[in-house]
Amino acid sequence: GAVVSQHPSRVICKSGTSVKIECRSLDFQATTMFWYRQFPKQSLMLMATSNEGSKATYEQGVEKDKFLINHASLTLSTLTVTSAHPEDSSFYICSARDRGGSQETQYFGPGTRLLVL
Amino acid sequence: AQSVAQPEDQVNVAEGNPLTVKCTYSVSGNPYLFWYVQYPNRGLQFLLKYITGDNLVKGSYGFEAEFNKSQTSFHLKKPSALVSDSALYFCAVRDGQSGNTPLVFGKGTRLSVIA
């Protein structure tokens, strides 16, 4: 099946710094990618929908200036957590749909665990 | 708006016994339904989906799920549980008539298979 990769898998940073997370679709093109956030023992909460070549669509309550999303190509989307604070510590998961294949299935990356000290 | 309910936080089953993880959904159009599994500190792995056709769908690792339109349910089942099936299971839905909408997830059900 389609594979989605994320980098880094784990990051620890100091409060106030910015962290960039990359999401790549391998061997397929993804017009649309999705960014989710998961707190411990909780479900995935959609943060934003990332469309190639256009601005991301953010869910209610998600600060677009804090969580910058850039979908520069059909295989890469990035999420930058700006001026990170301890409450931003979470598990961030990206997802993509195969543009050329079945549009129904979303494939998920392995996740990035962010810890802000 | 669409939503998913997984009424059980935890399901415990003995190895070799059948297992069921429950899911009900709400969607205004045609439901596209999915089950994913998550192992500790990992992303989600796709198990199976219902889009159209036969109500009983078979997926990875011997799992299957039955779409029941009248009960708006999509319960996940397996005839004989394995210890390695222990993980967190998520049911998800999206409205198939609304174009490129994202998946909405249930809160997850932790399955524990006891040897």
Side-chain angles (χ1 to χ4, degrees), chain A residues 1-10 21 23-25 30-52 54 56-60 62 71 90-99 101-115, chain B residues 1-10 21 23 25 27 29-53 57 59-61 67 87-112:
Chain A
V3 176
V4 176
S5 70
Q6 278 183 246
H7 177 80
S9 58
R10 182 185 296 266
I21 302 170
C23 175
R24 294 182 185 273
S25 59
T31 309
T32 304
M33 290 184 172
F34 305 93
W35 286 95
Y36 291 84
R37 182 175 181 178
Q38 185 181 29
F39 290 103
K41 299 184 179 181
Q42 293 190 29
S43 187
L44 280 74
M45 301 302 296
L46 179 68
M47 297 176 66
T49 300
S50 168
N51 297 297
E52 187 266 338
S54 63
T57 303
Y58 290 82
E59 295 299 299
Q60 190 173 9
V62 178
H71 193 156
S90 190
F91 195 47
Y92 293 87
I93 304 175
C94 75
S95 175
R97 290 201 186 126
D98 185 350
R99 176 194 191 196
S102 166
Q103 288 289 315
E104 300 99 8
T105 305
Q106 280 180 225
Y107 298 97
F108 286 80
T112 296
R113 187 162 298 284
L114 170 63
L115 177 61
Chain B
Q2 52 232 27
S3 64
V4 175
Q6 291 180 246
E8 303 153 317
D9 291 336
Q10 174 95 27
V21 183
C23 171
Y25 67 90
V27 67
N30 290 336
Y32 286 6
L33 293 154
F34 302 80
W35 276 101
Y36 288 85
V37 59
Q38 185 180 35
Y39 295 97
N41 296 312
R42 302 288 297 275
L44 273 67
Q45 295 180 30
F46 169 75
L47 278 180
L48 52 79
K49 66 182 178 184
Y50 170 84
I51 304 299
T52 186
V57 293
S60 307
Y61 313 119
F67 170 62
L88 188 57
Y89 290 80
F90 289 99
C91 182
V93 68
R94 75 178 185 93
D95 186 346
Q97 287 185 313
S98 297
N100 202 17
T101 55
L103 286 175
V104 172
F105 286 84
K107 64 179 181 178
T109 298
R110 186 164 301 280
L111 173 67
S112 180

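Protein chains get the first letters and strands the later ones, always in sequence-line order, with residue 1 at the start of each. Quantities reported herein were computed from a predicted structural model and do not represent experimental measurements.
- When the side-chain contact (heavy atoms from CB on, under 4.5 Å) test is applied to A/F39, the partners found at least two apart in sequence or on another chain are A/R37, A/Q42, A/S90.
- Heavy atoms of A/Q6 lying under 4.5 Å from chain B are absent altogether.
- B/K107 and A/S43 make their closest contact through CA-CB, 3.4 Å (heavy atoms, listed as atom of the first residue, atom of the second, distance).
- Shown here is B/Y39, whose OH atom has more than 12 heavy atoms of other residues, nucleotides or ligands within 6.0 Å.
- Under the 6.0 Å cut-off for aromatic ring centres, B/F34 and A/F108 do not qualify, their centroids lying 6.0 Å or more apart.
- A pairwise comparison of heavy atoms in B/L103 and A/Q106 identifies N-OE1, 3.0 Å as the closest pair.
- At a 4.5 Å heavy-atom cutoff, the contact between B/F46 and chain A is made by side-chain atoms alone.
- The one candidate from B/Y36, B/F105, B/F90 that meets the ring-ring contact (aromatic ring centres under 6.0 Å, His included) condition with A/Y36 is B/F105.
- Ranking A/M45, A/R113, A/Q38 against chain B, the residue ahead of the rest is A/Q38, based on heavy-atom pairs under 4.5 Å.
- If you measure heavy-atom distances from A/L44 to chain B, the contacts under 4.5 Å come from both the backbone and the side chain.
- With a 4.5 Å cut-off on non-hydrogen atoms, B/Q38 touches chain A through its side chain but not through its backbone.
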